[in-house]
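Worksheet: the structure to be examined is printed underneath.
The figures here come from the full heavy-atom set of this structure, side chains too, leaving out hydrogens, waters and symmetry mates. This structure is a prediction, so every number in the text was calculated from the model and none was measured.
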Amino acid sequence: QVLLVESGGGLVQAGGSLRLSCSAPGRTFSSYAMGWFRQAPGKEREFVASITSSGGSTDYADSAKGRFTISRDIAKNTVYLQMNSLKPEDTAVYYCAASYVGSSYSASSYRYWGRGTQVTVSS
């Protein structure tokens, strides 16, 4: 059973925008912190952004600050990642994840993961 499902990825030119969504059809994640991670070919999975269960606090990787915005709609059990001013180096598979113990930049803190959505930024 897939608990987290990402959508909204695709091909975009440098400078463009995409909005990723992460939905959880099988379980409520209202009590979970949520995070976005990405993994490019030949690279380790890296932290992008996270948001607390209440939505009251967010954290971003340095590479995402000022360009990406994480948000959540608790009633809809959905988390979003708005990505603006995209660069070719943003090209990666983006993963949504859920952590019961709290938000973190460490992937090991997240128990549930989606299967990923491909984001490709052309120059």
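Without hydrogens or angle criteria, Asn84 side chain to Gly16 main chain gives no donor-acceptor distance under 3.5 Å. No donor-acceptor distance shorter than 3.5 angstrom exists from the side chain of Ser23 to the backbone of Pro25, with no hydrogens or angles considered. Side-chain atoms of Ser21 never come within 3.5 Å of backbone atoms of Tyr80 as a donor-acceptor pair (strictly under, hydrogens ignored). When atom types are taken as modelled, the side chain of Ser53 and the backbone of Ala33 share no donor-acceptor pair closer than 3.5 angstrom. With hydrogens and angles ignored, the 3.5 Å screen pairs no side-chain donor or acceptor of Gln13 with any backbone N or O of Ser123. Between the side chain of Thr58 and the backbone N or O of Ile51, no donor-acceptor pair lies under 3.5 Å. In this structure a side-chain-to-backbone donor-acceptor pair under 3.5 Å is missing from Gln82 to Phe68.
Salt-bridge formation is detected for the pair Arg38/Glu46: a Lys NZ or Arg NE/NH1/NH2 atom is positioned less than 4.0 Å from an Asp or Glu carboxylate oxygen.
Within the 6.0 Å centre-distance limit, the rings of Tyr110 and Phe37 are counted as a close aromatic pair. Separation of the Phe29 and Tyr100 ring centroids does not fall under the 6.0 Å cut-off.
Enclosure of atom OH in Tyr105 is not indicated, since only 12 or fewer non-hydrogen atoms of other residues, nucleotides or ligands lie within 6.0 angstrom.
Under the rule for a salt bridge (charged side-chain N to carboxylate O under 4.0 Å, His left out), Lys43 has no partner lying at least two apart in sequence or in another chain.
The salt bridge (charged side-chain N to carboxylate O under 4.0 Å, His left out) analysis of residues 66-76, with sequence neighbours excluded, yields the pairs Arg67-Asp90.
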